[in-house]
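All remarks here apply to the structure that follows.
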Amino acid sequence: MSAERCLMTARVDRHFSRTLDPADERAMREHLPTCAQCRARYEKQLLLERLDPDAAAPEARIASGLGIGRARPMLRAAPFMGALALAAAIAFLVLRPAGPGSPLDTGFTARGGGGASTSEDAAYVIVLRGATDAGPTRAGASIHRNDELTFSYGNGAGKRYLIIYGVDEHRHVFWYYPAWSDPKEDPHSIAIAPGAQSLPDAVKHDLDGKQLEIHAVFTDSPLTVKSVESLISSAPIGKTPTFGPGSIDRTIRFEVDP
Amino acid sequence: MHLALASTVAVPHLHPTDEAFDLEGFHAGDRGTLERVYREHYTKVARAAASVLAPADAETVTHEVFHRLLSSAKMRESFKGGELGAWLARVAKNQALDFRRRYARETSLEEGVADAPDMTTTTTESAQGDSLSAAMIVERFRKTVLPPKWGAVFEARFLKQLGQREAAIALGMHRTTLMYQEHRIRALLQKFVLETDR
């Protein structure tokens with residue numbers, strides 16, 4: 001049996017993250033019955049879906065592949081309590097290394113290894129969005145353009161600074177941390193503490209794109225917003241800029257609902 | 001204290017004489033009508049397909065039925081009236097049977113092709129096999145990967161499927177602590193399941 005991974009397995013993963021467009025969904029569906037590797041992947045993803053209490057219902061997932069509406073995930077949603085009560089309003093978003101369609105990979109700790117993750121694994125961000133009173137919401141693959149976003153981070157990597165920004169398909173950059181409201185200023189990364197922390201501000205931008213890629217960049221030295229914007233604009237289209245040695249860039253993509 | 005909730009939801013049938021059902025719009029492929037049909041009859045279609053096929057294939061057939069409904073005026077026009085849900089369920093079952101015949105035949109022709117999937121197990125055998133396999137994977141995950149300190153959260157949220165608030169209360173922990181652990185467990189579980197050979 002070939003040890004090479006079938007290229008279509010990436011589409012299987014994207015189906016489950018609801019980021020596969022209908023044309024690619026069709027191709028995946030036609031391929032699936034003929035490929036044991038992809039069927040095995042599909043079945044594994046089904047198992048994860050059954051176990052994950054926050055997974056979207058299959059109905060919503062299959063609707064997404066059909067291009068049917070913006071099928072709302074059948075999840076309970078948490079009340080959004082604002083900046084002073086972040087713990088009560090959380091949407092877990094899947095974190096993945098930079099790169100489209102890559103499977104989830106935030107680290108692996110063998111039992112008995114002292115519980116320590118690699119430093120990269122220990123740097124993460126949780127994105128929160130306002131929701132209803134029914135309980136926490138996993139935002140999944142989409143946010144609304146008018147959502148206020150709040151953030152918590154984990155800094156087990158011992159980094160000293162953090163920036164959080166979003167960039168859409170037009171390369172418009174939206175700053176979450178640091179705040180940047182005066183073009184004459186050039187604010188720099190926020191200083192961060194070790195461990196798991198919540199950031200205080202709920203930030204809303206007037207998003208005008210259909211997709212938003214959030215970047216949380218952990219560094220040892222501060223970055224300035226203008227230097228970051230320069231890096232973004234000079235990076236080849238579709239490529240994430242690099243922020244220097246030792247930096248950790250956590251990214252996640254959203255569809256932006258109107 | 002355990003609070004048991006029970007609710008029943010009456011799902012309205014789409015019937016030609018029901019003022020809410022727009023047969024003409026359905027035939028014409030009105031998007032809103034078709035999306036409503038999807039939401040109201042998804043479960044029937046999925047169950048009909050799952051009565052014949054294993055889960056992955058059943059979802060492919062479910063997708064195919066609704067894809068045809070969305071894209072084929074001829075298919076929509078073949079529904080002349082009556083219980084739309086029952087009609088869709090029959091379409092799904094027939095399509096599932098065709099699917100099973102087709103891929104079983106293709107498998108039998110592909111001698112020695114190691115990658116050809118096995119379509120010959122019955123749905124019952126497949127479901128039993130899947131459950132056993134899933135239980136073994138979960139058990140291996142617990143024994144070899146999951147840090148013991150996160151075992152209670154794994155059990156409460158992933159196995160018992162308690163809500164976050166309910167789980168936090170049951171475990172006597174802050175909700176943010178539970179969410180952090182759940183996040184880490186989810187990452188470990190995803191990596192374990194997706195990268196383990198079954």
Side-chain angles (χ1 to χ4, degrees), chain A residues 1-2 6 13 22 25-26 29-30 32-37 39-48 50-54 58-59 61-63 65-69 71 76 78 86-88 90 92 94-95 103-111 115 117 121 124 126 135-136 152 154 196 198, chain B residues 34-35 38-39 42-43 46 54-57 59-60 62-64 66-67 70 99 102-103 106 114-119 130 133-134 137-138 143-149 157-159 161-165 174-176 179-180 182-184 186-198:
Chain A
M1 176 182 279
S2 169
C6 177
D13 293 341
E25 176 84 19
R26 291 291 302 151
R29 290 288 173 194
E30 285 168 14
L32 200 59
T34 67
C35 178
Q37 202 179 115
R39 281 165 54 82
R41 186 79 173 186
Y42 198 102
E43 287 163 9
K44 289 178 180 180
Q45 288 280 18
L46 283 175
L47 172 59
L48 284 171
R50 286 205 302 272
L51 289 170
D52 189 345
D54 286 348
E59 178 180 334
R61 172 169 51 79
I62 290 176
L66 288 162
I68 287 180
R76 297 177 308 124
L86 298 177
I90 284 184
F92 277 107
V94 171
L95 301 179
L104 302 168
D105 186 3
T106 61
F108 186 88
T109 302
R111 182 170 162 171
S117 302
D121 302 337
Y124 66 87
I126 298 173
S152 294
S198 293
Chain B
L34 294 178
E35 291 195 5
Y38 174 85
R39 295 197 195 289
Y42 166 86
T43 301
D57 298 325
E59 290 198 349
T60 292
T62 301
H63 168 95
E64 177 68 18
F66 285 109
H67 172 76
L70 288 165
F99 183 101
R102 176 183 169 192
Y103 287 102
E106 287 184 2
D115 287 342
D118 177 13
M119 299 282 184
D130 283 347
S133 182
I137 288 174
V138 168
K143 284 184 176 170
T144 65
V145 172
L146 183 69
K149 60 185 176 181
R157 285 286 283 150
F158 291 83
L159 299 185
Q161 300 274 308
L162 298 181
Q164 277 195 354
R165 191 177 286 135
H174 288 297
R175 201 166 171 187
T176 41
M179 286 189 293
Y180 165 75
E182 178 182 323
H183 169 71
R184 299 295 294 169
R186 183 178 283 113
L188 292 176
L189 183 62
Q190 283 164 339
K191 182 162 181 129
F192 178 76
V193 170
L194 292 178
E195 296 188 8
T196 298
D197 289 326
R198 292 167 64 179

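What you see is a predicted model; the values in this text were computed from it and never measured. A, B, ... follow the sequence lines: proteins, then strands. Residue 1 opens every chain.
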Donor-acceptor side-chain pairing of Y38(B) and E59(A) below 3.5 angstrom: no
L51(A) portion near chain B, given a 4.5 angstrom heavy-atom threshold: both
G65(A) versus H63(B), closest heavy-atom pair with distance: O-CE1, 4.0 Å
Over all atoms of both residues, closest heavy-atom pair of L46(A) and P55(B): CD1-CB, 3.7 Å
Heavy-atom contact with chain A under 4.5 Å, split by part of F66(B): both
Where L47(A) and A134(B) come nearest, the two heavy atoms and their spacing: CD1-CB, 3.5 Å
Contact origin within L189(B) toward chain A - heavy atom pairs under 4.5 Å: both
Minimal non-hydrogen separation, P53(A) against E182(B), with atom names: CG-OE2, 4.2 Å
Contact summary for R50(A) and Q161(B), nearest pair of heavy atoms: O-NE2, 3.4 Å
Under 3.5 Å: donor-acceptor pair, side chain of R41(A), backbone of L194(B): yes
Which portion of L34(B) sits near chain A, non-hydrogen atoms under 4.5 angstrom: neither
Verdict with reasoning, D52(A) to R157(B), per salt bridge (charged side-chain N to carboxylate O under 4.0 Å, His left out): CA-CA 8 Å; D52(A) 189 345; R157(B) 285 286 283 150; over 6 Å; no
